[in-house]
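Notes to accompany the following structure.
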Amino acid sequence: MIKEWATVVSWQDGIALVSCDVKASCNSCASRAGCGSRVLNKLGPQTSHTISVPSEEPLVAGQKVELGIAEGSLLGSAMLVYLSPLVGLFTLGGVFQVMFSTDLAAMCGAALGGVGGFLLARGFSSRLAVREEWQPVILSVGLPPDQLRVEMLSSEAR
């Protein structure tokens, strides 16, 4: 189970709207100057994702919850998104190369295969997204923000 903490934005009728912050791992790396991931992270302005998660327990805005998603579903979706265009690219590129024996045909076949693989992944992802085991679940709930109070006594302040 892959776990991540999120902040509740709202809760209504058993559905919690939660916001997860995007964590960029390249801020503490020694090779920040030549890192391609850092450049890509700077291009996208989105710093948080908002998703809806079922929750029978009433939640308040600002409350922290721990979300979990099965590793198998995450690996399956990553394979679908990355491998299907790649397989389509190589397969149709090879078929067009054998059929027409030109590099231009192989390049056109590879482009068609990549786009076809992307469209195939897009079609399957909408069907797989409704499966219950592919949905994030709330594992634990933190205290509401107004229930945690810290007081310091004058003798402890020294």
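Because the structure is a prediction, the values reported are computed rather than measured. The chain is numbered in sequence order, starting from 1.
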Grab the two heavy atoms, one from [X] and one from [Y], that are nearest each other, plus how far apart they are.
X	Y	answer
V81	P85	O-CD, 3.2 Å
Q97	D103	OE1-OD1, 3.7 Å
V53	P136	CG1-O, 3.6 Å
W11	S55	NE1-O, 3.0 Å
S84	G117	OG-O, 3.2 Å
G109	L92	O-CB, 3.1 Å

Hydrophobic cluster membership, V98 vs V95, 4.5 Å side-chain cutoff =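 The answer is no; the residues belong to distinct hydrophobic clusters.
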
Which of these passes side-chain contact (heavy atoms from CB on, under 4.5 Å) with L80: L120, L128, L75?
->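 It is L128, the one option of L120, L128, L75 that forms the side-chain contact (heavy atoms from CB on, under 4.5 Å) with L80.
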
Which residue, V137, V18, I2, forms the side-chain contact (heavy atoms from CB on, under 4.5 Å) with L67?
->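 Filter result, single survivor: V18.
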
Check: L139 and M1 side chains under 4.5 Å, non-hydrogen atoms =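 Yes, at least one pair of side-chain atoms sits under 4.5 Å.
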
Less than 4.5 Å apart, any side-chain heavy atom of T50 and any of L17?
->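 SC-SC contact between T50 and L17 confirmed.
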
How far does [atom1] of [X] sit from [atom2] of [Y], to the nearest 0.5 angstrom?
X	Y	atom1	atom2	value
E57	Q63	CD	CD	6.5 Å
Q135	S52	CD	OG	8.0 Å
M107	L112	CE	CG	11.0 Å

Is it true that a side-chain atom of W134 and a backbone atom of S77 form a donor plus acceptor pair closer than 3.5 Å?
->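 Judged by distance alone, no pair lies under 3.5 Å.
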
Does any N or O in the side chain of T91 come within less than 3.5 Å of the main-chain N or O of G88, such that one atom is a donor and the other an acceptor?
->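 Here the side-chain-to-backbone pair does not exist.
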
Determine whether more than 12 heavy atoms belonging to other residues, nucleotides or ligands lie under 6.0 Å from atom CZ of F100.
->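 Enclosed: over 12 neighbouring heavy atoms sit under 6.0 Å from CZ of F100.
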
Please say which of K64, E66, K3 ends up in a side-chain hydrogen bond (donor to acceptor under 3.5 Å, both in side chains) with S140.
->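 It is E66; the other options fail the test.
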
Please write out which residues are connected to F90 in a hydrophobic cluster, directly or through intermediates, given that two of Ile, Leu, Val, Met, Phe, Trp, Tyr count as joined at side-chain heavy-atom separations below 4.5 angstrom.
->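 M79, L83, L86, L89, listed by chain and number.
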
